[in-house]
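Read the structure below first, then the notes.
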Amino acid sequence: MPDPNHLWNVPATLLSGQCFRWCRSPDGEWYHVAGDTVIGLVPVAGGVRWQTFPLADQWEKVTRAFRLEVNLDDLYHQWATSSTEIAAAVAAYRGMRVMRQETIEVFFAFLCASCNTIVKIQRSVRWLATRYGYPICTINGLTFHRFPDARALAEASEEELRAARWGFRAPRVIELAQMIADFPDDWFHQLSQIEYQEARQQLVALFGIGLKIADCICLFGLGHDEAAPIDTHTRRAAERLISGSMPRTLTINHYERLAETMRRLFCRPGWAQQYFFAEAVLSPAALINPNSAVSEQMILPEARRLAG
DNA sequence: GGCAAACCTGGACGC
DNA sequence: GCGTCCAGGTTTGCC
């Protein structure tokens, strides 16, 4: 069994707001749902101990989910020659990786992100998976579900989604699920095979998908590393990289200008963006001490019950 | 082309 | 305990 000694910071990767269905057991094991597989991870000296469920030893799924083919040292070196602005984030979150997740899960998770908090996005995405997905396996009393396909989501009712606190996003979820269900089955795969700009254009054409959500889908769900999502947090970091007047609101022109700056300065700009985002929203203390207040609130209630 | 309001909900914060 | 603010955004209408 290969031992992943790659530069790989598991807590930073899972806590950095790019995926929403991880959980941590009270004794420090991390679990992530990757399609029809649950990946269990334990950071150990010199690397990461891993296992997959229900089928064991699915190393290629671990490699794919955590993009272990990307050499972070090379990336850090290139970034350092382009800008000093990212140095602090790299130092704080060294080893953090951008993940490759199921496209449909990324699609609906980030659709939920509008005017929302990470904790509430996690709750909503988990509810969707539990309610409309199907169980993959049960580990230590915790049942993990595969994220539902578009046809299953298209059957959802607005009332039920609103009752589950999806709020004004509820009708959009259903409309988009119905639309995607009518697309060819391999539509998401097609988007991963074409150029980033073209994939983004097709996503933005959908009602309810703007530039930011489209870029998140491109980066986390399609593997287009040129995508650099600009949100309220990364906006501040990106604006430090340019000069001139800054509009009060994040207009389309301003968004494109900031994203283009990221692309010009950084190799794999989406990865650089993730470091700026982590720097803005994640407490380094949460990584050093998993029992700190920040990470404690992110333990699944089920895991907390197990601990009790 | 920029700006503000509307859209749900609930946690954080100040009083 | 209560009121207010705000959170990973998008769309629409006004200026």
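Comparing B/dC8 with C/dG3, their P atoms are spaced 22 Å from each other, to the whole Å.
One finds a salt bridge joining A/D36 and A/K61 here, because a Lys/Arg side-chain nitrogen approaches an Asp/Glu carboxylate oxygen to under 4.0 Å. Note on A/R100 versus A/D225: no salt bridge recorded, every NZ/NE/NH1/NH2 to OD/OE distance being 4.0 Å or above. Salt-bridge check for A/R162 with A/E160: failed, with every basic side-chain N at 4.0 Å or more from each acidic carboxylate O.
Taking the side chain as every heavy atom from C-beta outward, A/W59 and A/L68 approach each other to under 4.5 Å. A 4.5 Å side-chain heavy-atom check between A/Y134 and A/D149 finds every atom pair outside the cut-off.
As a whole-Å value, the separation of A/L250 CG from B/dG2 P is 11 Å. Here the P atom of nucleotide C/dG9 and the CG atom of A/D215 are 12 Å apart, to the nearest Å. Distance CD1 (A/I213) to P (C/dA7): 16 Å, rounded to an integer number of Å. Whole-Å rounding puts the A/I230 CD1 to C/dT10 P distance at 12 Å. Atoms CZ (A/F110) and C1' (C/dG9) sit 12 Å apart, rounded to a whole Å. With rounding to whole Å, A/R235 atom CZ is found 11 Å from C/dG9 atom P. With rounding to whole Å, A/I118 atom CD1 is found 14 Å from C/dC6 atom C1'. For the pair A/F108 CZ and C/dG9 C1', the interatomic distance rounds to 16 Å; values are reported in whole Å.
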Test log, rule salt bridge (Lys or Arg N to Asp or Glu O under 4.0 Å), inputs A/E69 and A/R67: CA-CA 5 Å; A/E69 83 283 3; A/R67 304 286 308 276; 3.0 Å; yes
For nucleotides 7-9 of chain B, print each protein N/O atom paired with a nucleotide N/O atom at under 3.5 Å, atom names and distance only.
{"from": "B/dC8", "atom 1": "OP1", "to": "A/R162", "atom 2": "NH1", "distance (Å)": "3.0"}
{"from": "B/dC8", "atom 1": "OP1", "to": "A/R162", "atom 2": "NH2", "distance (Å)": "2.7"}
{"from": "B/dC8", "atom 1": "O4'", "to": "A/F168", "atom 2": "N", "distance (Å)": "3.1"}
{"from": "B/dC8", "atom 1": "O2", "to": "A/R169", "atom 2": "NH1", "distance (Å)": "3.4"}
{"from": "B/dT9", "atom 1": "O2", "to": "A/K120", "atom 2": "NZ", "distance (Å)": "2.3"}

Return the polar atom pairs (N/O with N/O) between nucleotides 12-15 of chain C and the protein under 3.5 Å, or none.
none

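No contact: A/L111 has no heavy atom under 4.0 Å from any strand. Nucleic acid contact class of A/L211 (heavy atoms, under 4.0 Å, all strands): sugar-phosphate only. If you check every strand for non-hydrogen atoms under 4.0 Å, A/Q274 touches nothing. Contact annotation for A/F276: no contact, since no heavy-atom pair falls under 4.0 Å across all strands.
Classification of the A/F277-A/H233 ring pair by plane angle, with boundaries at 30° and 60°, yields perpendicular. The aromatic rings of A/F20 and A/F110 lie perpendicular to each other, with more than 60° between the two planes, well past the 30° mark. A perpendicular orientation is assigned to the rings of A/F266 and A/W79, their planes being inclined by more than 60° (bins at 30° and 60°).
Mapping A/R236 and A/V204 onto DNA chain C by nearest heavy atom places A/R236 at the nucleotide closer to the 5' end.
Ring pair A/F53/A/F144: centre-to-centre distance not below 6.0 Å.
The partner of B/dG2 is C/dC14, judged by Watson-Crick or G-U wobble contacts that both fall below 3.5 Å.
Distances shown here put every side-chain N or O of A/T117 at or beyond 4.0 Å from the OP1 or OP2 atom of C/dA7.
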